[in-house]
Amino acid sequence: MGPFALAQLLALISVTVALDDGLLKTPPMGWMAWERFRCDIDCKDDRENCISEDLFKDTADRLAEDGWKELGYEYVIIDDCWMSLLRDEHGRLQPEPSRFPGGIAKLARYIHDRGLKLGIYADMGTHTCMGFPGTTLDKIEIDAQTFASWGVDYLKFDGCYSNPIEQMLGYPLMSKALNATGRPMVYSCSWPVYVGGLPPNVNYSLLGDICHLWRNYYDIQDSWDSVQGIVEWFSNNQDDLQPAAGPGRWNDPDMLIIGNFGLSVDQARSQMALWAIMAAPLIMSNDLRNLDNSARAILQNKVAIAINQDPMGIQGRRLLQEKNRIEVYWRPLSNSASALVFLSRRTDMPYLYHTSLAKLKYQAGTYEANDVFTGSAVRGLNATSEFTISINPSGVVMWYVYPEQQSKLTESLHHRHKTFHKAKPEHSTVL
Ligand code: GLA
């Protein structure tokens, strides 16, 4: 088949499978095993951490009992290494019985009983990235049917061990096969990663038609370097990526690593802030049985989550890269509100950054802001007047900004202070 015939075939498929199914009006939230637990299949010596049904049950318990579910964290997603090395006698994928003795359908019931949803992993290709059975073109239908019959709610479809032509056929076909099961399932495509992440190799409008979200770039690792590299790539390519996102179609810069070993408290706040600005999936990969309080507070920050989950679903952008290694990110939100993130890429000491909302392209007027991580309020913020904030090295100051008028009704109930309120003198201080 020549490339032209292929393109025609794809156009046809995309018309028939456009995903206007109401799923993921806002970015998905939940938990995924990969970054933290990888392909640990050593249940003999590492019972607690190996990829087994117990890990997913434990995680579901924590999500349901520790306040996560109420905040929106609902998907429990199995990644690679859950499978048996052999398909069953009907050609179906099956879990490795020693690690998933109850089977996936039973695990799905356990998760559903707690008001949560189950995600699973498969790979468009001959093998998964870790060498387990892959989903070749002839297996797409049976695998979609199997997942639906188990009660799966979300499929991460990776792309190791396939070529670009197989991917071009397989990703739309899986979308069609999932739709044909009649079970609503979120479809997460890793396709862009395998073809360089950018146009012309990636057709983001086709992706938006067939997938609910897609990984664009390399895997996140447990380090600040990795987070910075991802943010840098997303920002450098925001003209291509930002317009692709919207309700039901999201770019995916990969998992939240907050609560693991690689980030300081400031860096963890930075990841949460930037993922909220980027309208990124808030899918944690950490050990919810052992999470320290600062990580918990960052991941459960209600304003950061509300910014991420804003119903307009407009992905934010990097507005400015200053010579002093301060960067400003911005995202428009519903009700004329917006979010600002001031990120320091410096490595010396807290930096005093002077700016004004007018310099950040805000229209004339008076605004108010909530400092997302300190909880303090900034009042009477005239667009043209300068303000100064202190940003820690590799940290952020994040503001939820709204026009003053909007709050007048609410405010008339409270005492009105026409002056700046001083923030608590911890991580971000309004001076
Ligand atoms: C790829 C994906 C990761 C993870 C691993 C599993 O590297 O990008 O997110 O799923 O495969 O093997």
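Counting starts at 1 for both ligands and their atoms, following the listed order. In this text, all values refer to a predicted model and were calculated from it rather than measured experimentally. Just so it is clear, the values below take in all heavy atoms, side chains as well, and ignore hydrogens, waters and symmetry mates.
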Among M284, R296, R62, find the one that has a side chain to side chain contact (heavy atoms under 4.5 Å, CB included) with L291. R296
Report yes or no: does Y218 have a heavy atom closer than 4.0 Å to ligand 1? no
If we only consider heavy atoms of R215, is any one of them less than 4.0 Å away from an atom in ligand 1? yes
Taking only residues two or more places apart in sequence, or in another chain, which ones meet N324 in a side chain to side chain contact (heavy atoms under 4.5 Å, CB included)?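 Listed in chain order: E322, I326, R346, Y351, Y353.
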Restricting to side chain to side chain contact (heavy atoms under 4.5 Å, CB included), what partner residues turn up for A245, sequence neighbours left out? W250, N251, Q315
For ligand 1, which is the ligand I care about here, please tell me if [X] has any N or O atom under 3.5 Å from one of the ligand's N or O atoms.
X	result
D80	yes
D79	yes
Y194	no

Cation-aromatic face contact K57/Y110, 6.0 Å, 45 degrees: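 Yes, K57 and Y110 form such a contact.
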Atoms of ligand 1, numbered as shown, that sit under 4.0 Å from any heavy atom of C129: 1 (C), 11 (O), 12 (O)
Sub-4.0 Å atoms of ligand 1 with respect to non-hydrogen atoms of Y121: 6 (C), 10 (O), 11 (O), 12 (O)
For W399 together with F342, are the ring centres under 6.0 Å from each other? yes
Does the separation of the ring centres of H127 and Y161 fall below 6.0 angstrom? yes
Distance to 0.1 Å, residue and atom name: give those for the protein heavy atom nearest to [atom].
atom	result
atom 11 (O) of ligand 1	D158 OD2, 2.9 Å
atom 5 (C) of ligand 1	W34 CE2, 3.6 Å
atom 9 (O) of ligand 1	K156 NZ, 2.7 Å

Should the ring pair Y367 and Y362 be called parallel, tilted or perpendicular, given that the plane angle runs from 0 to 90° and is split at 30 and 60?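 Plane angle over 60°, so perpendicular.
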Taking non-hydrogen atoms only, is T128 closer than 4.0 angstrom to ligand 1 via side chain, backbone, both or neither?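 None of T128 does.
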Heavy-atom nearest neighbour of atom 8 (O) of ligand 1 within options I77, D219, V193: D219
Measuring from I41:CD1 to C50:SG, what's the distance to the nearest 0.5 Å? 9.5 Å
